[in-house]
Protein chains: 2
Amino acid sequence: MLVLSSPSGAGKSTIARNLLETDPAFRLSVSVTTRKRRSSEIDGQHYHFRSVPDFEVMRDRDELLEWAEVHGNFYGTPRAPAEKAIGDGQDMLFDIDWQGAQQMKEKVGVDMVSIFILPPSIDELRERLKRRAEDSDEVIETRLRNARAEIAHWREYDYIVVNDDLNDAFHEVQAIVTAERLRRDRRPGLFDFVSEMLNESAVV
Amino acid sequence: MLVLSSPSGAGKSTIARNLLETDPAFRLSVSVTTRKRRSSEIDGQHYHFRSVPDFEVMRDRDELLEWAEVHGNFYGTPRAPAEKAIGDGQDMLFDIDWQGAQQMKEKVGVDMVSIFILPPSIDELRERLKRRAEDSDEVIETRLRNARAEIAHWREYDYIVVNDDLNDAFHEVQAIVTAERLRRDRRPGLFDFVSEMLNESAVV
């Protein structure tokens with residue numbers, strides 16, 4: 001399970017999309033939200049857009065791995081797809097904020113790797129949000145305040161990637177994924193591989 | 001500090017050389033040995049070749065980070081160059097066996113990452129040693145017996161790379177190095193970077 005967090009505008013979504021396109025072992029966890037859909041968003045792909053009562057039902061039935069209220073809207077991670085992916089031997093990618101990451105670590109307690117994407121500077125983050133041209137100046141300033149709060153939690157992540165250049169940042173995230181899969185304690189299949197190798201040489 | 005281990009013939013030396021050529025942050029730790037120099041080897045580059053009495057003096061003066069006797073010869077890792085590299089902010093690459101890796105972990109206790117390179121099979125290892133054409137059949141069989149003993153310690157390493165294809169294996173080792181450098185706890189400089197970023201946004 002890979003958790004990717006960053007303030008909005010730091011490039012997290014692009015990096016997540018690239019990772020899903022180039023690495024078939026990953027499935028994306030699609031969050032549930034009560035916030036309004038933006039014109040560029042597709043229900044079930046960017047988010048599952050739900051009403052507040054529907055969200056509350058999911059939450060109360062313990063169908064969410066984590067949930068939080070941000071900017072007056074609810075966000076949550078559905079439990080069923082994550083459990084299915086793990087059962088299928090797939091890796092699951094979570095595009096969530098620090099509150100979600102923290103809850104996941106506490107409640108799920110499974111094998112989880114977390115990466116925080118930092119922007120090169122707050123000024124650059126403001127420029128990127130302006131270029132995206134989806135939000136009013138007021139909303140952008142709210143996002144920047146929120147970005148500061150998010151960045152303040154950078155020390156809770158395993159890895160830090162500074163997104164100065166998107167290609168470099170993506171390459172770094174790929175390297176983290178490759179390396180984490182090579183960790184000895186994550187490769188139970190190697191036990192048989194090595195046993196067979198040692199037996200093979202014993203009979204020669 | 002990066003420890004790279006493998007049975008001889010599994011490709012460790014080639015991978016180490018590629019890493020040193022492509023990554024200027026690495027310095028190689030050159031081991032001291034009392035074994036006979038092979039015709040292809042250069043003193044001070046592949047090993048520091050020393051007499052048994054000279055080796056014993058180094059060992060008794062605590063000038064070695066670790067040492068061991070293998071195949072009737074002494075091998076050791078000199079302390080001074082490693083301490084200088086760490087002091088200079090360089091990364092140090094150690095091309096040593098499991099006994100050395102274990103001693104380093106116990107005695108040095110510093111920030112150390114270990115990678116074990118596995119051959120795809122013992123038969124393939126035998127073929128590689130034969131192709132190298134440096135050793136007699138008898139020596140090759142001794143090396144293979146030793147390889148089995150070395151492989152039996154694979155579980156003591158942080159990462160396992162199977163060298164089926166040299167390019168793939170090198171790419172995997174590079175990914176491990178890249179990822180380990182991105183670990184939050186290995187990036188003390190980020191603290192100032194983030195503090196500055198948060199201050200910058202506060203004054204806007």
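The sequence lines fix the lettering, A, B, ..., with proteins before strands; numbering per chain opens at 1.
- Of all non-hydrogen atoms in Ala175(B) and Ala179(A), the two that sit nearest each other are O-CB, 3.9 Å.
- Options Arg145(B), Arg187(B), Arg186(B) differ in how many heavy-atom pairs under 4.5 Å they form with chain A, and the most are formed by Arg187(B).
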(message) Quick one, Phe191(A) with Trp154(B), criterion side-chain contact (heavy atoms from CB on, under 4.5 Å). Give me CA distance, side-chain angles, the key distance, then yes/no.
(response) CA-CA 9 Å; Phe191(A) 186 82; Trp154(B) 70 283; 4.0 Å; yes

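- In terms of non-hydrogen atom pairs under 4.5 Å with chain A, the most contact-rich of Leu190(B), Ile151(B), Thr178(B) is Leu190(B).
- For Arg181(B), no part lies under 4.5 angstrom from a heavy atom of chain A.
- Within the 4.5 angstrom heavy-atom criterion, no atom of Phe116(A) approaches chain B.
- Comparing Leu125(A), Ile115(A), Asp158(A) by heavy-atom pairs within less than 4.5 Å of chain B, the highest count is held by Asp158(A).
- Using a distance-only test at 3.5 Å, with no hydrogens or angles considered, a donor-acceptor pair links the side chain of Arg184(A) to the main chain of Tyr157(B).
- A cation-pi contact, defined as under 6.0 Å to the ring centre and within 45° of the axis, links Arg183(A) to Tyr159(B).
- Between chain A and the options His171(B), Gln174(B), Arg155(B), Glu180(B), heavy-atom pairs under 4.5 Å are most frequent for Arg155(B).
- Within 6.0 Å of CG in Asp185(B) there are more than 12 heavy atoms belonging to other residues, nucleotides or ligands.
- Of the atoms belonging to Val161(A), heavy atoms from both backbone and side chain fall under 4.5 Å from chain B.
- Heavy atoms of Leu118(B) lying under 4.5 Å from chain A belong exclusively to its side chain.
- Side-chain contact between Pro119(B) and Met197(A): present, with at least one pair of heavy atoms (C-beta onward) separated by less than 4.5 Å.
- In this structure, Asp88(A) places its CG atom where more than 12 heavy-atom neighbours from other residues, nucleotides or ligands lie under 6.0 Å away.
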(request) Go through the steps for Ile160(A) and Leu182(B) under the test side-chain contact (heavy atoms from CB on, under 4.5 Å), then give the verdict. (result) CA-CA 6 Å; Ile160(A) 312 292; Leu182(B) 294 168; over 6 Å; no

